[in-house]
Amino acid sequence: EVQLVESGGGLVQAGGSLRLSCAASGFTFDDYAIGWFRQAPGKEREGVSYISRSGTNTNYADSVKGRFTISRDNAKNTVYLQMNSLKPEDTAVYYCAATTRLPFARLWVLTHLYDYWGQGTRVTVSS
């Protein structure tokens, strides 16, 4: 059974940090690039960050550049999202997703190109 399980969300004050984890099972993890997405209430799901299969290529939404860092440990089948200097506007449910179908890395924000999705973890940043 294919699974992506996010963890690490919670309530944090503005300026604080959280580290999200995305644990994968049921598929060959290092064949897949991973994206992190988020969805705030009443808003569309948006891309936050992306990491290639090997981890050598990463991308970030402009809104999180310089504050968030994505990484992966293929030996542990896990991707991480370190989130620093959190802002109230970062409040959302965060999802990880796996894909083998990106023709170009710059298309990483397109949700329909992802094969598997986790159930999400909620992040709330208080002001």
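Excluded from the calculations below are hydrogen atoms, water molecules and symmetry mates; all remaining heavy atoms, backbone and side chain alike, are included. None of these values were measured; they are calculated from a predicted model.
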Are more than 12 heavy atoms from other residues, nucleotides or ligands located less than 6.0 Å from atom CZ of Arg101?
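Enclosed.
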
Over 12 non-hydrogen atoms of neighbours within 6.0 angstrom of CZ in Arg45:
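Result for CZ/Arg45: enclosed.
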
What closest approach, in Å, do [X] and [Y] show between heavy atoms, and which atom pair accounts for it?
X	Y	answer
Val109	Gly47	CG1-CA, 4.5 Å
Asp73	Tyr80	CB-CE1, 4.2 Å
Gly120	Val93	CA-CG1, 3.9 Å
Thr69	Tyr60	CA-OH, 3.4 Å
Ser49	Leu81	CB-CD1, 4.1 Å
Leu4	Ala97	CD1-CA, 3.9 Å

Could you measure the distance from the CD1 atom of Ile51 to the SG atom of Cys96? Nearest 0.5 Å is fine.
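These two atoms lie 12.5 Å from each other.
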
Between atom CZ of Arg72 and atom OG1 of Thr58, what is the distance when rounded to the nearest 0.5 Å?
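Answer for the CZ-OG1 pair, Arg72 versus Thr58, is 12.0 Å.
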
With side-chain contact (heavy atoms from CB on, under 4.5 Å) as the test, would you mind laying out the steps for Trp108 and Leu113 before giving the verdict?
CA-CA 8 Å; Trp108 68 273; Leu113 294 179; over 6 Å; no

Does any non-hydrogen side-chain atom of Leu20 lie less than 4.5 Å from one of Val123?
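The answer is yes; the side chains approach within 4.5 Å.
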
If only atom types and distance count, is the side chain of Asn77 paired as donor or acceptor with the main-chain N or O of Phe27 below 3.5 Å?
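Side chain of Asn77 to backbone of Phe27: no pair is present.
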
Can you check whether Ser54's main-chain N or O pairs, donor with acceptor, with Thr56's side chain at less than 3.5 Å?
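It does not hold such a pair.
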
Side chains of residues 28-38: which donor-acceptor pairs under 3.5 Å do they make with residues two or more places apart or in other chains?
residue	atom	partner	partner atom	Å
Arg38	NE	Glu46	OE2	2.6
Arg38	NH1	Asp90	OD1	2.9
Arg38	NH1	Tyr94	OH	2.9
Arg38	NH2	Glu46	OE2	3.2
Arg38	NH2	Ser63	OG	3.4

Under the side chain to side chain donor-acceptor pair (under 3.5 Å) test, residues paired with Ser17 that sit two or more places apart
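Applying side chain to side chain donor-acceptor pair (under 3.5 Å) to Ser17 gives Asn84.
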
